[in-house]
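Below is one structure; the comments refer to it alone.
We count residues from 1, following the sequence as given.
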Amino acid sequence: QVQLVESGGDLVQPGGSLRLSCAASGIIFAIRTMAWYRQAPGKQRELVAKITNAGRTDYADSVKGRFTISRDNAKKVLYLQMNSLKPEDTAVYYCVIPTYNYWGQGTQVTVSS
């Protein structure tokens, strides 16, 4: 059974930083492309960033230069380092295995003063 468990969401002031983590189990983590999606209130879910098994990354234009996706295949953990956070980054962030449409339960990130 595949499990994706996100953590690290919090309330943070504009300009602050957070690091999200996603612990995976029940899969061969190293060979899967992984991704972070988010959903803001009243909006559709959107792709934030993805990383292939080879480490190639891709980002939404809105987060380029501020967010960094990474992975530790030995620990089966996916990360999202978020810097220079803005109020518009407020959303529930989900860890996803796109190939199989597996989603975690999400972690709330709120950027507000």
Spacing of [atom1] belonging to [X] relative to [atom2] belonging to [Y], to within rounding of 0.5 Å:
| X | Y | atom1 | atom2 | value |
| --- | --- | --- | --- | --- |
| Leu80 | Leu18 | CG | CG | 9.5 Å |
| Arg38 | Glu88 | CZ | CD | 8.0 Å |
| Gln39 | Gln108 | CD | CD | 10.5 Å |
| Arg66 | Asp89 | CZ | CG | 4.0 Å |
| Ser112 | Leu85 | OG | CG | 12.0 Å |
| Gln3 | Ser25 | CD | OG | 4.5 Å |

Write down the atom of [X], the atom of [Y], and the distance for their closest heavy-atom approach.
| X | Y | result |
| --- | --- | --- |
| Leu20 | Met82 | CG-CE, 3.7 Å |
| Leu78 | Cys95 | CD2-SG, 3.8 Å |
| Glu6 | Tyr93 | OE2-O, 4.0 Å |
| Gly26 | Val2 | O-CG2, 3.7 Å |
| Val48 | Val63 | O-CG2, 3.6 Å |
| Thr33 | Arg71 | CA-NH1, 4.3 Å |

Taking the six-membered ring for Trp and the single ring otherwise, decide whether the centroids of Trp103 and Tyr94 are under 6.0 Å apart.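 Here the rings of Tyr94 and Trp103 have centres that are less than 6.0 Å from each other.
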Hydrophobic clustering (ILVMFWY, side-chain heavy atoms < 4.5 Å, transitive) - are [Y] and [X] grouped together?
| X | Y | answer |
| --- | --- | --- |
| Val109 | Leu4 | yes |
| Tyr100 | Leu47 | no |
| Trp36 | Ile51 | yes |
| Tyr102 | Ile69 | yes |
| Met34 | Val92 | no |

Could Asp61 and Lys64 be called an ion pair, given the rule that one side-chain N must be under 4.0 Å from one carboxylate O?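 Salt bridge flag = yes for Lys64 with Asp61.
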Does the side chain of Tyr79 reach to within under 4.5 Å of the side chain of Asp72, using non-hydrogen atoms?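 Of all side-chain heavy-atom pairs linking Asp72 with Tyr79, at least one is under 4.5 Å.
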Walk me through it: do Arg45 and Tyr37 pass the test side-chain hydrogen bond (donor to acceptor under 3.5 Å, both in side chains)? CA-CA 7 Å; Arg45 288 177 178 177; Tyr37 279 72; over 6 Å; no
Side-chain donor/acceptor of Thr90 to backbone N/O of Thr110, under 3.5 Å: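 Checking the backbone N and O of Thr110 against the side chain of Thr90, no donor-acceptor pair under 3.5 Å is found.
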Could you give all pairs that pass the salt bridge (Lys or Arg N to Asp or Glu O under 4.0 Å) test and reach residues 7-17, with sequence neighbours left out?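 Every candidate salt bridge (Lys or Arg N to Asp or Glu O under 4.0 Å) pair involving residues 7-17 fails, so no pair, neighbours aside, qualifies.
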